[in-house]
Amino acid sequence: MRQMLDGEYPAFLNCMKQQPYRALRINTLKCEEPAFQAMFPVPLTPSPFAAHSYYLPYEAQGLGNSPLHHAGAFYLQEPSAASAVTMLDPQPGERILDLCAAPGGKTTQIAALLQGEGLVWANEVVGSRARTLLSNVERMGVRNAVVSSCHPQKLCERLAGFFDRVLVDAPCSGEGMFRKNPEAAQEWSSAHVEACAQRQQMILQSAAQAVRPGGVLVYSTCTYAPQENEQVISAFLQHHPDFSLEPGPMQNGRTAVPAWGGGEEALSLARRIFPMDGGEGHFVARLRRQGEGEAAGYTAFVPDALRGDEKKQTDELFVQLFGAAAPPWGEAGRFQNAVLLFPHGLPELTGLGVLRAGVPAGELKKGRVEPEHALFMAAKPEQLRQVLALYLSDTDALQAFLHGEELSVPESWKGYAGVAVQGMILGFGKCSGGRLKNRYPKGLRL
Ligand code: SAM
């Protein structure tokens, strides 16, 4: 770091003695930004790295237990980490691949920018981390995501040229995590940096295939090491003359350094963020693939139709929940033992380790369909027939619900009802005799 930063090294060392930056990103799929600012009890300062992202005071701890967090109103995301999606710049209607996606900070940021139009495919090779990703996609109420756990090479070969934009937020030596997570420093070694660099090149090589001609590829890490940043991009460009670096919409932080890579002037189009720039640390490079064109030809996914009784039971459930047999979004179909609401334009899913496509709506049980938590999380209160509307001032009822307890509801309520906080669905329960039996998933309870 001394060699890299030269005269700025003392300032960097000084930063290392301070508390890490903390930030949240408001989830615009669930709430309007001014409404969130008005209800949130902690002062927020806008971050320069991404829309809807705000610095938090370091002392504001424990926010993960807040009912607003459970309802998916916000995601705790380090401020400079949000810069990669600003550089990716996803547009509503596009197909986006997030290849190294867990725990889902960037996936859910992409989903919010898509505003429900298009597709975000979130992949995480490590199975246990893919389940955390799934849970965050569900909490944030995303309707148009596929979540998979597949090796990047296999996924990108099968979906070659399918995506308008691909994000590789690569596993790295995590030097930008040392302030936040001192244990990360214990794992550091120069051999680890070299091993990460090799792995990053392999992942990037796979990712390149998934980008359509004329599409965008963004590479990011949360480390400072040139071997994992400028040098990875230099090596990639040597092997992929059909890609070139371009500036992106994020001009904060500072330029990357050509001399730290292979000397190509274009490397200065990539961005670096150091703690002196207002974030823990990130490197982001945006590349464009030559050519023009629609996504490559692919086999479209055709969900299994719901048959006979399954169709009747699903229709009945939707009538009970939404007041109509047609769901308020998506196309209802069968996938294994579940009813899902699929987004349009999916490719064939088999063999790609798909954990979820669209929104799981219900589980097919003998003679009935049991609604899923995910269905409620993706719904707006105004789409549901019965909603228990709570506010942050209803502290006891909110705590009781998040602990898995029953709540009181009007005597006349029958069947399933959503539970909302400040106009955002938090979960659901089943009503009878003036009580709402809690269906908040056990693994999420306080
Ligand atoms: N994008 C995520 C977010 O914003 O929440 C963070 C991603 S993290 C920096 C990198 C991820 O890559 C980790 O979840 C890790 O499990 C995954 N990973 C590890 N080895 C990998 C490999 N060989 N190929 C692809 N991903 C890998």
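Owing to the predicted nature of the structure, the values given are computational and were not obtained by experimental measurement. Note that ligands are numbered from 1 as they come in the structure, with each ligand's atoms numbered from 1 the same way.
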Look at [atom] and find which of [options] reaches it with the closest heavy atom.
{"atom": "atom 21 (C) of ligand 1", "options": "T108, V125, N123, T221", "answer": "V125"}
{"atom": "atom 2 (C) of ligand 1", "options": "A102, S220, A84", "answer": "A102"}
{"atom": "atom 20 (N) of ligand 1", "options": "Q77, R199, Q153, H151", "answer": "R199"}
{"atom": "atom 14 (O) of ligand 1", "options": "E124, Q109, K106", "answer": "E124"}

For [atom], which protein heavy atom lies nearest, and how many Å away is it?
{"atom": "atom 3 (C) of ligand 1", "result": "G105 N, 3.6 Å"}
{"atom": "atom 18 (N) of ligand 1", "result": "P171 CG, 3.7 Å"}
{"atom": "atom 10 (C) of ligand 1", "result": "D169 O, 3.4 Å"}
{"atom": "atom 12 (O) of ligand 1", "result": "C100 CB, 3.5 Å"}

Below 4.0 angstrom from a heavy atom of [X], which ligand 1 atoms are there? Numbered from 1 as shown, please.
{"X": "R129", "answer": "13 (C), 14 (O), 15 (C), 16 (O)"}
{"X": "I203", "answer": "22 (C), 24 (N), 25 (C)"}
{"X": "P152", "answer": "24 (N), 25 (C)"}
{"X": "V126", "answer": "16 (O)"}

Cut-off 3.5 Å, side chains only: do T221 and N229 have a donor facing an acceptor?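 Short answer, yes.
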Scan side-chain atoms only and decide if Q91 and D89 contain a donor-acceptor pair under the 3.5 Å cut-off.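 Their side chains do contain a donor-acceptor pair, which is all the 3.5 Å distance test asks for.
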Between [X] and [Y], does any side-chain N to carboxylate O distance fall below 4.0 Å?
{"X": "R95", "Y": "D164", "answer": "no"}
{"X": "E230", "Y": "R272", "answer": "yes"}
{"X": "E59", "Y": "R22", "answer": "no"}
{"X": "K180", "Y": "E280", "answer": "no"}

May I ask whether A170 has any heavy atom positioned less than 4.0 angstrom from an atom of ligand 1? yes
Does A81 have a heavy atom less than 4.0 Å from any atom of ligand 1? no
Kindly check if the number of other-residue, nucleotide or ligand heavy atoms within 6.0 Å of CD (E157) is above 12? yes
Does E32 CD have over 12 foreign heavy atoms under 6.0 Å away? no
Does any N or O of ligand 1 fall below 3.5 Å from an N or O anywhere on Y75, backbone included?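 Among all N and O atoms of Y75, none is under 3.5 Å from an N or O of ligand 1.
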Would the distance check show the side chain of S47 and the main-chain N or O of F49 forming a donor-acceptor pair, the cut-off being under 3.5 Å? yes
Taking the ring centre of each residue, are F36 and Y54 less than 6.0 Å apart? no
